[in-house]
Amino acid sequence: MRSRSLTGAEERVAALAACGRTNVEIASELGVSAKTVETHLSRVYRKLGLRSRTELAARTAGQGSPLGRISH
């Protein structure tokens, strides 16, 4: 069975996306490509059973920090 835990990179990308940053802004801040951000977000959505940034932001706002050790 596969782990549903987010990696550190996935957590960082998810936190920034939940705060409203665009893929390009996230990529610039983390020093990766926008494609890498897209890949991480796809994995985050799959692991957390989400379909959009809106759901990600709502889950984060409603539960403090459901993404683990990250904060805004």
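These numbers come from the heavy atoms of this one structure, side chains and all, not from hydrogens, waters or symmetry mates.
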Roughly how far apart are Glu11 CD and Ser5 OG, rounded to 0.5 Å?
->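 Result: 8.5 Å between the selected atoms.
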In Å and rounded to the nearest 0.5 Å, what is the CZ to CG distance from Arg59 to Leu50?
->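 Reported to 0.5 Å precision, the distance equals 5.5 Å.
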For the student: nearest non-hydrogen atoms of [X] and [Y], plus distance:
X: Ala17; Y: Leu56; value: CB-CD2, 4.0 Å
X: Ala18; Y: Ala57; value: O-CB, 3.7 Å
X: Glu55; Y: Arg51; value: OE1-N, 2.8 Å

Evaluate side-chain contact (heavy atoms from CB on, under 4.5 Å) for Leu16 paired with Leu30, printing each intermediate quantity in order.
-> CA-CA 10 Å; Leu16 293 170; Leu30 298 179; 4.0 Å; yes
List the atom pairs, donor and acceptor, that lie under 3.5 Å between side-chain atoms in residues 35-44 and the rest of the protein, sequence neighbours left out.
residue : atom : partner : partner atom : Å
Thr36   : OG1  : Ser33   : OG           : 3.0
Thr39   : OG1  : Lys35   : O            : 3.0
Ser42   : OG   : Glu38   : O            : 3.0

Is there a donor-acceptor pair closer than 3.5 Å between any side-chain N or O of Glu29 and the backbone N or O of Ile26?
->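 Between the backbone of Ile26 and the side chain of Glu29 there is no qualifying donor-acceptor contact (under 3.5 Å).
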Kindly indicate whether the side chain of Glu10, heavy atoms from C-beta on, has any atom under 4.5 Å from the side chain of Lys47.
->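 A side-chain contact under 4.5 Å exists here.
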Who are the side chain to side chain contact (heavy atoms under 4.5 Å, CB included) partners of Ser28, not counting sequence neighbours?
->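 For Ser28, no residue satisfies side chain to side chain contact (heavy atoms under 4.5 Å, CB included) once neighbours in sequence are set aside.
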